[in-house]
Structures are given as structure tokens and as C-alpha cells.
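Contents: one structure, followed by commentary.
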Amino acid sequence: MKMSFISRKTASNLFRPKFYFPLALLLLLLVLPILPRNPFYEDLIIMIFFWGALAAAWNLVGGFAGQISLGHTAFFGIGAYTSTLLYLKFSLSPWLGMLAGAGLAVLVAMGIGSPCFRLKSHFFALATIAFAEVLRHVASYWRGLTQGGVGLLIPFKPRIENFMFRSKIPYAYIALGLMLLIILVSYIIRNSRFGFYLISLREDQDAAESLGVKTSRCKLIALVISVLFTAIAGTFYAQYLLFIDPDTVFSLPFSIELPLLAIIGGLGTVIGPIIGAFILTPLDVLLRGWLGAISAGLNFIVYGTVLVVAVIYFPRGIAGWLRTWYESFLRRLPGAKLSLAIEKTVSSPLLTSETSDPEDSDPEDEEIKSPLFEAQSLNKHFGGLAAVKDVSFQIKKGEILGLIGPNGAGKTTVFNLITGFLSPDSGKIEFKGEAMTAVKPPHKVCIKHIGRTFQLVRPFNNMTVLENVMVGAFSRVKRTKEAREEATKVLDFIGLLEHSHSLASSLTIADRKKLELGRALATRPELLLLDEVVAGLNPRETEAIIGIIKAISNQGITLFIIEHVMKAIMTLSHRIIVLHHGEKIGEGTPAEISRDRRVIDAYLGEEYLA
């Protein structure tokens with residue numbers, strides 16, 4: 001059933017005041033360069049725009065994708081040195097040198113991005129620092145090309161083609177144009193499929209992979225775009241100061257200041273880095289001017305204090321706090337409710353195919369069905385531990401297969417082998433007759449219509465409930481509007497529609513499990529793997545999840561379920577297989593499994609039999 005939304009144009013006609021504030025800010029930025037008559041304040045405005053552009057460029061990879069680079073000056077320096085050397089040695093216009101420097105920086109980024117992105121957390125940050133330090137030493141000791149520590153002095157020949165001007169105003173507008181361009185690109189990315197992918201991999205890379213996100217490619221594209229603008233800013237810096245040296249353009253403090261601006265302003269937001277630049281750049285300049293040489297370095301203490309205050313009182317950055325205040329203000333204006341209204345959906349099937357309740361299916365029909373999924377002699381060892389030993393089973397289309405066993409039996413390992421998070425040491429996996437044994441990484445498995453949830457719920461906490469499900473929907477649709485409609489339909493199906501615009505971190509554990517279930521459903525799986533979706537829930541919540549699972553099965557989706565709650569697994573499953581120490585020790589209907597002596601001894605216990 002197709003959703004009906006109030007169009008964007010209609011909403012803007014109903015409620016124009018929400019556009020006044022951004023428009024007023026833009027006009028202020030446009031007139032700001034011509035307001036001061038003092039060279040000091042002209043330079044300050046240029047530096048604000050310059051640092052805003054750099055921080056916004058860094059934010060594309062560090063804020064959106066969550067890849068904290070502390071060596072971004074490597075690409076800044078490449079841009080600065082490339083354009084400068086081409087101008088000094090070949091008289092090539094810095095405008096063209098800017099493009100050459102950006103191109104070289106992108107090529108270098110692509111070369112180092114693939115291996116470095118295999119590193120996670122602080123290891124990636126350390127690798128970027130090391131790369132920038134290597135380039136700093138190369139520039140310092142390659143005196144024949146760079147003049148080493150002496151640096152390169154650019155002769156002042158003011159002409160447009162030389163990127164040199166007698167007045168500071170043109171520099172201000174160039175810096176402003178670059179900053180606005182990066183903001184525009186950031187806005188487009190953030191509201192696109194690619195932007196949703198970046199935010200999801202920042203929140204949880206494995207969960208994003210399970211939803212069809214090609215995380216390695218997304219990180220590399222984000223790095224390339226970020227590096228492109230960073231290198232362009234390097235050329236601007238060289239032409240504005242007319243001097244560069246290795247200790248300046250490849251400096252570590254320079255790299256650290258970029259994430260600092262983004263964190264204080266609002267990491268991962270479009271406007272946050274700009275807010276950070278408007279706050280910290282004047283503060284830095286004024287502190288150094290007031291304190292002078294007698295208190296050199298004290299400005300870093302003030303920076304640290306500002307960072308601590310921002311993290312404590314503005315955990316989502318100043319931009320996050322301003323957004324909360326601004327949305328509250330908008331809701332109080334006339335027409336706000338009308339402009340934000342969304343028509344209520346009617347609950348409808350997720351799939352168009354008509355299916356019957358599995359409890360009403362004919363067992364004889366089940367017998368003649370060919371298997372949808374088959375695992376043959378799966379083996380997986382971790383060192384000397386055999387996590388899975390010679391496990392074989394089949395799952396028929398439309399079936400609900402249960403998987404039980406004590407903790408450490410290898411159940412989740414089986415799921416990881418199926419979904420591409422692990423590779424089996426030996427054995428075969430087939431889905432719809434197609435070999436899946438070597439299909440990795442997990443996003444390729446998702447594209448084959450196999451979805452999963454995780455034993456420990458892994459929502460994208462800093463995304464809304466709707467955005468979480470949209471990430472899954474993007475594996476099947478490309479347009480944001482289509483993904484929103486699909487996600488809204490899924491949320492209505494699982495009973496979370498009223499929480500659409502709440503952050504996932506605000507949900508209860510039961511609703512988080514529903515959300516993860518809905519997120520996987522949005523990928524339109526034919527086989528859905530559920531890993532302990534009712535664990536830790538009270539009886540009422542358990543009944544609600546069981547009802548959702550039955551409804552999913554009624555849509556024709558085949559289910560493979562790990563569960564310790566016997567009421568759930570015995571109620572839902574057509575068949576159950578039992579693992580113990582990585583080996584399959586039982587298989588059959590719930591009634592047969594409940595009477596199997598090996599299963600009782602290894603897992604159920606005499607109390608269950610009684």
C-alpha cells in the first residue's frame with residue numbers, strides 16, 4: 001500500500017518562517033567580509049571561513065563516517081606544496097595547481113585508504129598520524145624540491161590568474177565560497193542514501209554491513225570527497241600567506257584542531273563544524289593576542305576547558321543543542337503542526353504474495369518442498385577450539401526452524417557463517433540452489449535476501465527509529481522518499497510508528513528488539529535469522545514479539561531462530577535442531593525434541609521433562 005505524504009512544496013507554502021533564519025544567516029555571511037575596516041578583523045573573518053571549510057571537509061569522513069583522522073594535514077600539505085611548486089617551477093596558475101594538488105591528494109588517499117580502513121578505533125587514528133609525519137619528514141629532508149625547513153616563499157604578483165589580490169576581501173569571499181560549497185555538499189550527502197550509510201557505519205559497522213551497506217566503499221568515497229576539499233584549502237592557505245613550510249602544513253596540532261572544531265560544534269552535523277570555527281577561531285586569535293609570548297600554549301588549556309564544557313553540557317555539540325531549541329521554537333509557531341503532519345498509514349502486508357498461517361499448513365506439502373537453504377558438514381575452529389563440528393541441516397521455504405543449545409554450543413557461530421561474518425574452515429552453504437560458502441563480506445549476503453538480527457541488540461543509537469529502518473530499506477530502493485515510505489510501513493507493521501522520530505537510544509529493550517527486527521525486515525529477506533529476540537523480556541513483551549514473528553512468517557518469510565526461551569521456541573518452530581559443543585545432537589519437531597534423552601541431558605534438564 002502506497003503512503004501519502006504532504007509534499008515538500010506544500011509544506012513550505014504552509015510554513016515559510018522556518019526558512020527565514022537560514023536565509024538571514026546566509027545574508028549575514030555575504031555582507032560580513034565588507035563590514036570591518038581593520039586588517040586584523042579582515043584576517044580574522046578569513047580565518048573563520050578557512051577553518052570552517054577545513055573542519056566541514058574533515059567532518060565528512062570523521063563526523064559522518066566516524067573515521068577519526070588525525071593526519072588530515074597530509075592531504076592539506078599535498079595540496080599546498082603541489083600548487084606552489086607548479087607555480088614556482090612551471091609558472092602554472094594556482095587555480096590549475098589547485099586542481100592538480102586535489103587530484104594528487106585523492107590518488108594518495110585512495111592508495112592508503114584501503115589498507116588503513118581495515119584498522120578500527122584508535123589504530124586508524126594512529127595510522128593517519130604516522131602518514132602525516134612521514135610526509136612532514138619527506139618535505140623537510142627533500143631540500144632540492146621543497147627547500148626543507150627553510151620553506152617556499154611565493155613572490156607577490158597580484159593578479160587574478162595568480163590567485164593574489166591587494167585587498168583581503170577577495171580572499172574572504174573565496175574562503176566563504178569554499179565553506180558554503182562544502183556545507184552544500186555535506187547537506188546533500190547527509191540527506192541521501194549515501195549519507196544514511198555513512199551514519200550507520202559510524203554507529204555500528206557490523207550492523208550496517210548486515211543491512212547491505214558496503215562499508216569499505218562508503219568510507220573510501222567519504223575520504224576522497226573530504227581529501228578533495230582539504231587539498232583545495234591547502235592551495236588557498238599557500239596563496240593567502242605566500243609562504244609554506246613542512247612544520248606548518250604537515251603539523252600535528254593543525255590536524256587535531258579540525259576534529260576539535262567539529263566535536264564542539266556538533267560532530268556529524270552539517271553546520272556543527274562551522275559553529276565550532278566561529279567560536280574557537282576568534283577565541284584562539286584573541287587569546288594569543290592578549291596573552292602574548294609570555295603565556296604561549298595557554299590557549300590550548302583554554303581549548304581543553306571549552307572542550308570539556310561542551311562535552312558535559314552539549315553532548316551532541318552546540319549544533320545539536322541549537323537544533324533542539326530551534327525545533328521547539330518552530331513547533332510554537334502558527335502552522336507548525338500542519339506543516340509537519342504525516343497521514344496515518346493503514347496496516348498492510350509487507351509482501352504482496354498471499355500466504356497462509358504456517359500452523360495451518362499441510363505437513364505433506366512441507367515434505368515435498370525443496371530446501372530453500374542447506375548447510376553441509378560445516379566446520380569452524382578458533383585455534384584449538386572446535387566451535388562448529390560437521391553440522392548439516394536444511395530449511396524449507398516458509399518453515400520456521402529453531403536452533404537451541406547451551407551457551408557456547410556454537411549457535412551464533414552458525415549464524416555468522418551463514419551471513420558472511422565468518423568463513424567456514426570446510427563445508428558448503430547453499431541458498432536457493434546457489435553456493436554461498438565463499439560469499440563475503442556480509443553486505444553481499446544481505447543483497448542475496450538473507451537478513452539477520454544480533455544476540456545483543458545493535459541499533460544505530462544516534463539515528464531516529466525511522467532512520468534506522470530506512471538504512472535497511474536502502475538495500476532495495478535508492479530514493480530517500482521511497483526508503484521513508486518503506487520504513488514507515490515496516491514501523492507500522494511492528495508497532496513502532498509512534499516512535500518514528502525518537503532516537504533509538506531512547507527506546508526500551510523490548511522496542512529496541514522490535515526495531516532491529518524491523519530494520520532487518522526492511523531489507524526484504526527471504527530467509528531471516530533471529531538471534532534471541534525475546535531474551536530478557538517479560539511475559540507480555542515476549543507475547544508481543546512472538547505475535548510479530550508469526551505475522552512475519554505469514555508474509556512468506558522463512559525463519560531460522562536461536563532462542564533460550566522454551567515457550568517461544570516450542571510455540572513458533574516447525575522443527576528444531578540442537579547443538580552441543582559445536583555438534584548437532586538432535587533434530588525433529590518440538591514434541592520429538594522435548595522427549596529426546598540426549599537433549600534433556602545436555603540442555604533441557606529433567607525439570608523441563610517434568
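No hydrogens, no waters, no symmetry mates; every other heavy atom, side chains included, goes into these values. Bear in mind the structure is a predicted one, so any value in this text is a computation, not a measurement.
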Validation: residues 46-55 side-chain donor-acceptor distances under 3.5 Å, sequence neighbours left out:
none

Acceptor/donor pairs from residues 503-511 side chains to any protein atom, 3.5 angstrom cut, sequence neighbours excluded:
unit_1	atom_1	unit_2	atom_2	d
Ser506	OG	Leu503	O	2.6
Thr508	OG1	Asp511	N	3.2

Review item, side-chain donor-acceptor pairs of residues 95-115, under 3.5 Å, at least two apart:
unit_1	atom_1	unit_2	atom_2	d
Trp95	NE1	Ile160	O	2.6

List the atom pairs, with distances to 0.1 Å, where a side-chain N or O of residues 268-279 and a protein N or O form a donor-acceptor pair under 3.5 Å, not counting sequence neighbours.
unit_1	atom_1	unit_2	atom_2	d
Thr269	OG1	Gly266	O	2.6
Thr269	OG1	Gly272	N	3.0

Can you give each donor-acceptor pair under 3.5 Å made by side-chain atoms of residues 168-175, sequence neighbours left out, with the distance rounded to 0.1 Å?
unit_1	atom_1	unit_2	atom_2	d
Lys168	NZ	Tyr240	OH	3.1
Tyr171	OH	Phe165	N	3.1
Tyr173	OH	Leu30	O	2.6

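Environment of CZ in Phe243: crowded, with over 12 heavy atoms of neighbouring residues, nucleotides or ligands closer than 6.0 Å. Surrounding CZ of Phe40 are more than 12 heavy atoms belonging to other residues, nucleotides or ligands, all under 6.0 Å away.
Between Phe250 and Ala132 the shortest heavy-atom distance is CB-O, 4.3 Å. Among all heavy-atom pairs drawn from Glu203 and Asn461, the shortest one is OE1-N, 3.3 Å. Listed here is the closest heavy atom pair of Glu209 and Pro441: OE1-CB, 3.9 Å. Between Ala487 and Leu466, the shortest heavy-atom contact is CB-CD1, 3.7 Å. Heavy-atom minimum distance, Val61 versus Ser226: CG1-OG, 3.8 Å. A pairwise comparison of heavy atoms in Gly518 and Ile494 identifies CA-CD1, 3.8 Å as the closest pair.
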**Study point:** Step-by-step side-chain contact (heavy atoms from CB on, under 4.5 Å) determination, Met470 to Thr480
**Key:** CA-CA 8 Å; Met470 284 176 68; Thr480 302; 3.8 Å; yes
Exercise for review: Report the C-alpha distance between Phe75 and Phe229 in whole Å, list the side-chain angles of each, state the deciding distance to 0.1 Å, and finish with yes or no for side-chain contact (heavy atoms from CB on, under 4.5 Å).
Suggested key: CA-CA 9 Å; Phe75 311 109; Phe229 288 122; over 6 Å; no
Point to revise | Stepwise side-chain contact (heavy atoms from CB on, under 4.5 Å) check, Cys116 with Phe131 | key: CA-CA 10 Å; Cys116 283; Phe131 177 66; over 6 Å; no
Practice item. Before giving the answer on side-chain contact (heavy atoms from CB on, under 4.5 Å), spell out for Met164 and Ile154 the whole-Å C-alpha distance, their side-chain angles and the decisive distance to 0.1 Å. Key: CA-CA 10 Å; Met164 299 178 195; Ile154 304 174; 3.5 Å; yes
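A donor-acceptor pair under 3.5 Å is absent between the side-chain atoms of Thr523 and the main chain of Gly472, judged by distance alone. The closest donor-acceptor contact from the side chain of Asn191 to the backbone of Tyr187 lies under 3.5 Å. Side-chain atoms of Ser500 do not come within 3.5 Å of backbone N or O of Thr488 as any donor-acceptor pair. With hydrogens and angles ignored, the 3.5 Å screen pairs a side-chain donor or acceptor of Thr146 with a backbone N or O of Ala139.
Contact check for Glu485 versus Val477: no side-chain heavy atoms found under the 4.5 Å cut-off. Between Thr230 and Trp58, every side-chain heavy-atom pair lies at or beyond the 4.5 Å cut-off. Between Val224 and Leu228 the shortest side-chain heavy-atom distance does not fall below 4.5 Å. Contact check for His443 versus Arg217: no side-chain heavy atoms found under the 4.5 Å cut-off. Leu496 has its side chain within reach of Leu515: a pair of non-hydrogen atoms, C-beta onward, lies under 4.5 Å apart. For the pair Ser83 and Phe163, the minimum side-chain heavy-atom distance is 4.5 Å or more. Taking the side chain as every heavy atom from C-beta outward, Asp206 and Pro442 never approach each other to under 4.5 Å. Between Leu211 and Ser200 the shortest side-chain heavy-atom distance does not fall below 4.5 Å.
Considering CG of Leu201 and CZ of Phe460, their distance stands at 8.5 Å, rounded to 0.5 Å. We find the CG-CD1 distance between Leu152 and Ile244 to be 5.0 Å, quoted to the nearest 0.5 Å. Taking CG of Leu521 as the reference point, atom CG of Leu491 lies at 10.5 Å (rounded to 0.5 Å). Note that the CZ atom of Phe474 and the OG atom of Ser192 stand 7.5 Å from one another [nearest 0.5 Å]. Put simply, CG on Leu252 and CZ on Arg136 are 9.0 Å apart, with the number rounded to the nearest 0.5 Å. Atoms CG and CZ, from Asn468 and Arg512 in turn, are 10.5 Å apart once rounded to the nearest 0.5 Å.
For the residue pair Asp531 and Thr412, a side-chain donor N or O sits within less than 3.5 Å of a side-chain acceptor on the partner.
For residues 183-200, the salt bridge (charged side-chain N to carboxylate O under 4.0 Å, His left out) pairs, not counting sequence neighbours, are Arg190-Glu467.
Of the charged side-chain nitrogens involved, none lies within less than 4.0 Å of a carboxylate oxygen, so that Lys513 and Glu516 do not count as a salt-bridged pair.
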